[in-house]
Structures are given as C-alpha cells and as structure tokens.
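One-based numbering, in listed order, for ligands and for the atoms of each.
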Amino acid sequence: MQTNNVTWHQTSVSRNSRQQRNGHRGCVIWLTGLSGSGKSTVANQLSLALFQRGVQTYVLDGDNLRCGINSNLGFSDEDRDENVRRVAEVAKLFVDAGMVVIAAVISPMKHQRDMARKKFGANEFVEVFVDCPLDVCQTRDPKGLYKKARQGKIVGFTGIDAPYQPPAHPQVTVQTHVQSIEQGVDRILHYLNAHRTLRLSDGL
Ligand SMILES: Nc1ncnc2c1ncn2[C@@H]1O[C@H](COP(=O)(O)OS(=O)(=O)O)[C@@H](OP(=O)(O)O)[C@H]1O
Ligand SMILES: Nc1ncnc2c1ncn2[C@@H]1O[C@H](COP(=O)(O)OP(=O)(O)O)[C@@H](O)[C@H]1O
C-alpha cells in the first residue's frame, strides 16, 4: 500500500510468530466509562490477572497517555477525537506486537469508539462498558475533579457539562456500583474465555 509517498514495510518478525511465541493472540480490551467509574482500577486488576496467567498485557490509560504522546491535547470535541484516535493507533501497534492491550479511556462518543473498533479485526476489539451512575462517580471523586467541575474550575467535564454516550451494545458491561472489582474482572475474563479471544487456533 502506498499513500502520500509513504510505503508500508512488512516486518521480518510477523505478528503470527509473536503470537505463537506468546502462546496467545493479541487483542484490545477497550474500557469506556465516566471519570471515576473504575476504568483504571479494573484495567490494572485485569492486567495483573492476565499477567499472572502468563499473558503479555499492557495498560493504555487515558490520563497516562495525556502526560506524553497526547500532552498537546485538551478536552474539546476535536481534541477528544484525536486523543481516542491516537490511543487506538498505539493499541494497534501493541496488538501487532502480539499483546493484549487494555485501554482505559473515557472515549465518550459512540463515533469515537466505532472509529477505534474499525482499526481492528473481528473479535479483536472487546468493548467493555464500565457502568456506574454519575452520582456514585461524583461521590467517589478520586481526584477531586467533579468538585472542581461543579465549582466551575473545569469547563467541559464529562457527565457535568460535556456529553457521555453509553455504549448500546458493549461486549461486556461491568457495573462497579454493585459488583466488586474482582467480579468485574471475572466478567471480562469469562467473556475472553467463552469467545476464545486469546486462544491460538487454525490459521493463527
Ligand atoms: N474535562 C474533562 N473531562 C473528562 N476528564 C478530564 C477532564 N479534564 C481532565 N480530565 C482527566 O482526564 C482523564 C480523561 O482522559 P481521557 O483521555 O480518557 O478522555 S477522553 O477519552 O479524551 O474523553 C480523566 O481520567 P479518568 O478520571 O480516569 O477518566 C481525568 O483525570
Ligand atoms: N467495583 C469497583 N470497581 C472499580 N472501582 C471501584 C469499585 N468500587 C469502588 N471503586 C473505586 O472507585 C474509584 C474508581 O477510580 P478510577 O479507577 O480511577 O476510575 P476511572 O479510571 O474510571 O476514572 C477507585 O477509587 C476505586 O477504588
């Protein structure tokens, strides 16, 4: 493929070879939800659980990426689009390296999550809705951001004065106000197992 005088180079070590060595397929587990819903908490517990099972995982956390590759982006609609696009592109590189990527990004709009999904093959993008009512998120307020938003010190805060569109058909829903962290992680692990998402099979 060639666009704008840029040529895609095949790599000498294929994704297939990397997956065979890892003993599992790569994929992205995409956690979406309000600030304070539990994305980072669930992502890290899931990463640990998979790591302990010998799975190569990496967490891409929105907050962390905004400290580096996305540090020039704010929270306008356009910047969030670009933020999600970059997270998805970075996730794609990790998946190409045979890894299980756990992305924890608000990704508030359906079109952003659809855009991310389109970068991956079927069964390679697992959308997880980290569902928690806004009032519970506000009570948790682990970083004090809701308080700042209510005081008008942050403008355009998701759920307060910026939109969040809940996914209509996520592969998994984790309800962190009624399920423990362990139950949430188990639900995701169960999905991966039931759908053989990480399992190597014919042709891979
Ligand atoms: N205005 C506004 N709205 C929402 N969140 C805000 C905002 N300003 C700063 N923060 C902090 O940024 C984190 C969200 O970054 P994301 O990259 O996940 O957001 S997005 O997907 O581009 O919407 C978010 O992290 P989480 O609380 O983990 O979701 C906040 O710590
Ligand atoms: N069942 C649960 N799942 C995930 N987080 C929970 C749960 N119950 C309570 N919490 C707490 O809620 C907060 C969620 O914060 P965080 O993971 O940073 O959310 P987010 O990344 O979505 O902003 C943490 O303090 C976490 O300990």
side-chain contact (heavy atoms from CB on, under 4.5 Å) evaluation trace for Val174 with Phe129: CA-CA 6 Å; Val174 169; Phe129 179 25; over 6 Å; no
Contact check: Pro108 vs ligand 1, nitrogen or oxygen atoms, below 3.5 angstrom: no
NZ or CZ of Arg113 within 45° of Tyr164 ring axis and under 6.0 Å: yes
Option passing side-chain contact (heavy atoms from CB on, under 4.5 Å) with Val101 (candidates Ile29, Val87, Val95): Val95
Whether Ser180 lies under 4.0 Å from ligand 2, heavy atom: yes
Set of residues satisfying side chain to side chain contact (heavy atoms under 4.5 Å, CB included) with respect to Lys119, sequence neighbours excluded: Arg85, Ala88, Glu89, Lys92, Met115
Distance from atom 15 (O) of ligand 2 to nearest protein heavy atom, with residue and atom: Pro142 CG, 3.7 Å
Min heavy-atom dist Gly156 to ligand 1 below 4.0 Å: yes
Nearest neighbour in protein (non-hydrogen) for atom 2 (C) of ligand 1: Phe157 CD1, 3.3 Å
Within reach of ligand 2, part of Lys39 (heavy-atom separation under 4.0 Å): both
Among His177, Gln179, Arg140, closest by any non-hydrogen atom to atom 7 (C) of ligand 2: Arg140
From CA spacing to verdict: side-chain contact (heavy atoms from CB on, under 4.5 Å), Leu73, Asn70: CA-CA 6 Å; Leu73 299 176; Asn70 291 334; 3.8 Å; yes
Short N or O distance, Gly36 and ligand 2, threshold 3.5 Å exclusive: yes
Backbone or side-chain N or O of Lys143 under 3.5 Å from ligand 2 N or O: no
Closest protein heavy atom to atom 29 (O) of ligand 1, given as residue, atom name and distance to 0.1 Å: Lys39 NZ, 2.9 Å
In one Ile/Leu/Val/Met/Phe/Trp/Tyr side-chain cluster, 4.5 Å: Phe125, Val105: yes
Distance filter under 4.0 Å to Ser35 heavy atoms, resulting ligand 2 atoms: 23 (O)
Closest protein heavy atom to atom 24 (C) of ligand 1, given as residue, atom name and distance to 0.1 Å: Asp63 OD1, 3.9 Å
Sub-4.0 Å heavy-atom approach of Gly33 to ligand 2: no
Donor-acceptor pairs under 3.5 angstrom involving side-chain atoms of residues 48-65: please list them, not counting sequence neighbours.
residue	atom	partner	partner atom	Å
Arg53	NH1	Ala49	O	2.9
Thr57	OG1	Ser47	OG	2.8
Asp61	OD1	Asp63	N	3.1
Asp61	OD2	Ser40	OG	2.6
Asp63	OD2	Lys143	NZ	2.6

Ligand 2 versus Ser40: contacting region, heavy-atom distance under 4.0 Å: both
Any Gly184 heavy atom less than 4.0 Å to ligand 2: no
Polar contact flag for Val42 and ligand 2 (N/O pairs, less than 3.5 Å): no
Lys143 and ligand 1 - part of the residue with a heavy-atom distance under 4.0 Å: side chain
Closest protein heavy atom to atom 26 (C) of ligand 2, given as residue, atom name and distance to 0.1 Å: Thr41 OG1, 3.6 Å
Under 3.5 Å side-chain donor-acceptor pair for Arg140 and Thr176: yes
Protein contact to atom 27 (O) of ligand 1 [nearest heavy atom, distance to 0.1 Å]: Ser35 OG, 2.5 Å
Side chain to side chain, Asp135 and Tyr146, heavy atoms closer than 4.5 Å: no
Co-membership, hydrophobic cluster, residues Leu198 and Met99, 4.5 Å side-chain: no
Min heavy-atom dist Leu34 to ligand 2 below 4.0 Å: yes
